[in-house]
Amino acid sequence: MMFQQNARSYARVPSILMHSLTLLAVLLLASVEADTDGLSTHTSRRGTNVGRVMVGTVLNLSERSPEKLQTTHEILSGYRLWVEQTNRKGGILVGDTPIKIALEVHDCEGSEALQDAMYRQLVDDGVDFLLGGGENSTRSMIEAARARNVVSIASSADPSPWNAAENPATFAVFPPSQPNAAVRFVRSVRDVWSLRRMAVVGVGSIDGPSGRECREMLRAVNQSGIDVEMIEQSWVEIGDSQSLLDAMSRVHDADADFLVACTADEEEAEAIVRAASQAILRGWNIHNQLQQCTTQAQQLCKSKQSVTPQVIESTSLKFMFFTAGASRTTFTDNVDGWAEKVASPVLWHPDLKHSDPLFGSAKELNALWTSRFDLGNGRSMSEHAAVAAASGLALGMAIEAAGSIEAEEVADGMRSLDVETFFGRIRMGAADGTATGNINTGLESPIAQWDCSSVSQCVLQIPAVANPIRPYRLACP
């Protein structure tokens, strides 16, 4: 399959309140610095900190981007919750001895060189285990861990360092790329809603992560045998607003039933949603409906109501599925209400029916997290916080399985994990599906959709099994 390639510019509209993030940072760091429940920022030589398992991470707590700063704080909140909950229940059981956890956090201030140095300093100072600091931290952590034979757990899905043979003591609880999520989506809209006119639009580098994942996804859809018709395919470079608008106009004019959008992050996903809204409005203008529809939609948007059926019938596009970037809690803030019924695979959601002895059910963990870290915005625990909490949980389980904090034995404990947790199943294997590896192959990403029918805010939901994918409904342009 060939993509049409184009080029120009779109603008990003960030809308996260920096004062809320600053407050969250104060809450998180204050709780880390307080030596309560075994939490501490002090360092000690490995083996001399009696009664404590030392765990360290390096985060960019000086991030300038509001979205990336929020992600950093979410990761830290997940680690914090794991440490607090573990210590509250007596600590990690190493053999017959319960040992509490001490968490050490360093701020690399956005410097890659400082990040490298800080991870090396952590292992030199005797930290027993390393945890990832999010985007772009995996390489630094792996190099420090490998040099000192320390087990490390990554917190973001950067595929470049993942080589189990070269890095046998680095693991991740997030799943490998899952093109079957797109297959499940396409099969659902075909079987449940009898839709078959499919369009594909991608943003970013065709040779980058979104391009590779998109090709893998389309290959999986083709091999699935699902009876769908590919009516439009386009690939647009980042920064090309006019070409992206043209691509979405072709999707609209071709009467596509549903769109599969290949994106690598939230910014690319937002660009496609905004282009889709413009294309739909431009299509209405062709039919002399623009003034009527936009006036009606603007009035309805003010009261957070849904658009009437007459407006819905003016476009054939019923579903929008994003490979990545559309499941962040801030996604709906930046697309002016057009997120209604957008679908995307998610790593975790509080409505999932998973549980474990430490955190309880996903819903119980979400309630615990919001009671500790929610700033009053009513949002649920994010994927990033859940991945961090699950990373700590897996490490604790591996230590208990090994009955030791020695690196080789804990690494063996990680490789032997096959357990149910609030996050889902954690079972280590290789990205190609074979048993030997260090990435979680036990997890199948669920598909979630945005529901913007609430007066207060949009909510990311896991659709009911009986009605797995609900139709895209135009909300506020």
Side-chain angles (χ1 to χ4, degrees), residues 1-6 177-204 206 210-236 243-263 268-269 271-284 286-287 309 311-326 338-345 445 447-450 463 467-474:
M1 295 184 178
M2 299 298 293
F3 289 104
Q4 301 171 12
Q5 299 196 37
N6 307 293
S177 173
Q178 294 201 21
N180 67 340
V183 173
R184 283 181 279 128
F185 168 79
V186 173
R187 178 172 285 113
S188 178
V189 297
R190 180 70 185 93
D191 294 347
V192 176
W193 300 99
S194 301
L195 303 177
R196 63 186 305 272
R197 295 174 63 79
M198 170 181 171
V200 177
V201 173
V203 172
I206 197 169
S210 57
R212 291 192 298 271
E213 185 169 1
C214 197
R215 290 193 297 271
E216 187 178 356
M217 175 201 70
L218 292 176
R219 189 180 305 113
V221 171
N222 286 337
Q223 293 173 350
S224 69
I226 304 172
D227 179 24
V228 292
E229 177 186 3
M230 184 75 69
I231 62 171
E232 172 64 30
Q233 295 180 61
S234 295
W235 195 269
V236 180
S243 294
L244 184 55
L245 176 58
D246 291 343
M248 293 308 304
S249 295
R250 290 193 297 272
V251 170
H252 175 73
D253 295 342
D255 290 330
D257 292 324
F258 60 95
L259 170 72
V260 174
C262 299
T263 50
E268 295 174 7
I272 287 184
V273 172
R274 286 195 293 269
S277 67
Q278 294 174 53
I280 290 171
L281 291 177
R282 190 161 78 175
W284 284 339
I286 293 173
H287 295 90
V311 178
I312 298 173
E313 292 170 1
S314 65
T315 177
S316 65
L317 190 63
K318 302 298 191 298
F319 299 94
M320 297 176 71
F321 174 86
F322 287 80
T323 57
W338 282 87
E340 176 75 2
K341 300 303 184 287
V342 165
S344 180
S445 297
I447 296 174
Q449 284 182 292
W450 285 103
N467 186 13
I469 301 292
R470 298 164 297 181
Y472 174 87
R473 185 177 73 248
L474 176 63

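In this chain, residues are counted from 1 in sequence order. Predicted, not measured: the structure shown is a model, and the values here were computed from it.
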- Rounded to the nearest 0.5 Å, how far does CG of Leu218 lie from CD of Gln223? 11.0 Å
- Which residues pass the side chain to side chain contact (heavy atoms under 4.5 Å, CB included) test with Glu229, sequence neighbours left out? Arg196, Arg197, Ile231
- Atom CZ in Phe319, atom CG in Asp257: separation rounded to 0.5 Å? 9.0 Å
- From CA spacing to verdict: side chain to side chain contact (heavy atoms under 4.5 Å, CB included), Val200, Cys262: CA-CA 7 Å; Val200 177; Cys262 299; 4.0 Å; yes
- Item | Any donor-acceptor N/O pair, Trp235 side chain to Gly211 backbone, under 3.5 Å | no
- Query: From Ser188 OG over to Ile447 CD1, what is the distance, rounded to the nearest 0.5 angstrom?
  - Reply: 7.5 Å
- Taking all non-hydrogen atoms of both residues, which atom of Ala269 and which atom of Ala324 are closest, and how far apart? CB-O, 4.0 Å
- Item | Distance, nearest 0.5 Å, that separates CD of Glu213 from CZ of Arg215 | 11.0 Å
- Query: Does any donor atom in the side chain of Arg187 or Ser224 lie under 3.5 Å from an acceptor atom in the other side chain?
  - Reply: no
- Task: For the pair Ser243 (side chain) and Val236 (backbone), establish whether a donor and an acceptor sit closer than 3.5 Å, ignoring hydrogens and angles.
- Result: no
- Any donor and acceptor pair, going by atom type alone, linking the side chain of Thr263 with main-chain N or O of Glu268 inside 3.5 Å? no
- Steps toward side chain to side chain contact (heavy atoms under 4.5 Å, CB included) verdict (Thr323, Met217): CA-CA 9 Å; Thr323 57; Met217 175 201 70; 3.7 Å; yes
- Item | Minimum heavy-atom distance Val273-Phe322, with the two atoms named | CG2-CZ, 3.5 Å
- Tell me, please, which residues at least two apart from Phe321 pass ring pair (Phe, Tyr, Trp, His ring centres under 6.0 Å). Phe185
- Do Met320 and Val201 have side-chain heavy atoms sitting under 4.5 Å apart? no
- From CG (Leu259) to NE2 (His252), nearest 0.5 Å: 13.0 Å
- Note on the structure: Hits for side chain to side chain donor-acceptor pair (under 3.5 Å) against Arg190, two or more places apart or cross-chain, chain-then-number order -> Asp227
- Task: Might you point out which heavy atoms bring Ala275 and Met248 nearest each other, and give the distance in Å?
- Result: CB-CG, 3.6 Å
- Message: To the nearest 0.5 Å, what is the distance between CD1 on Ile206 and CZ on Arg212?
- Response: 12.0 Å
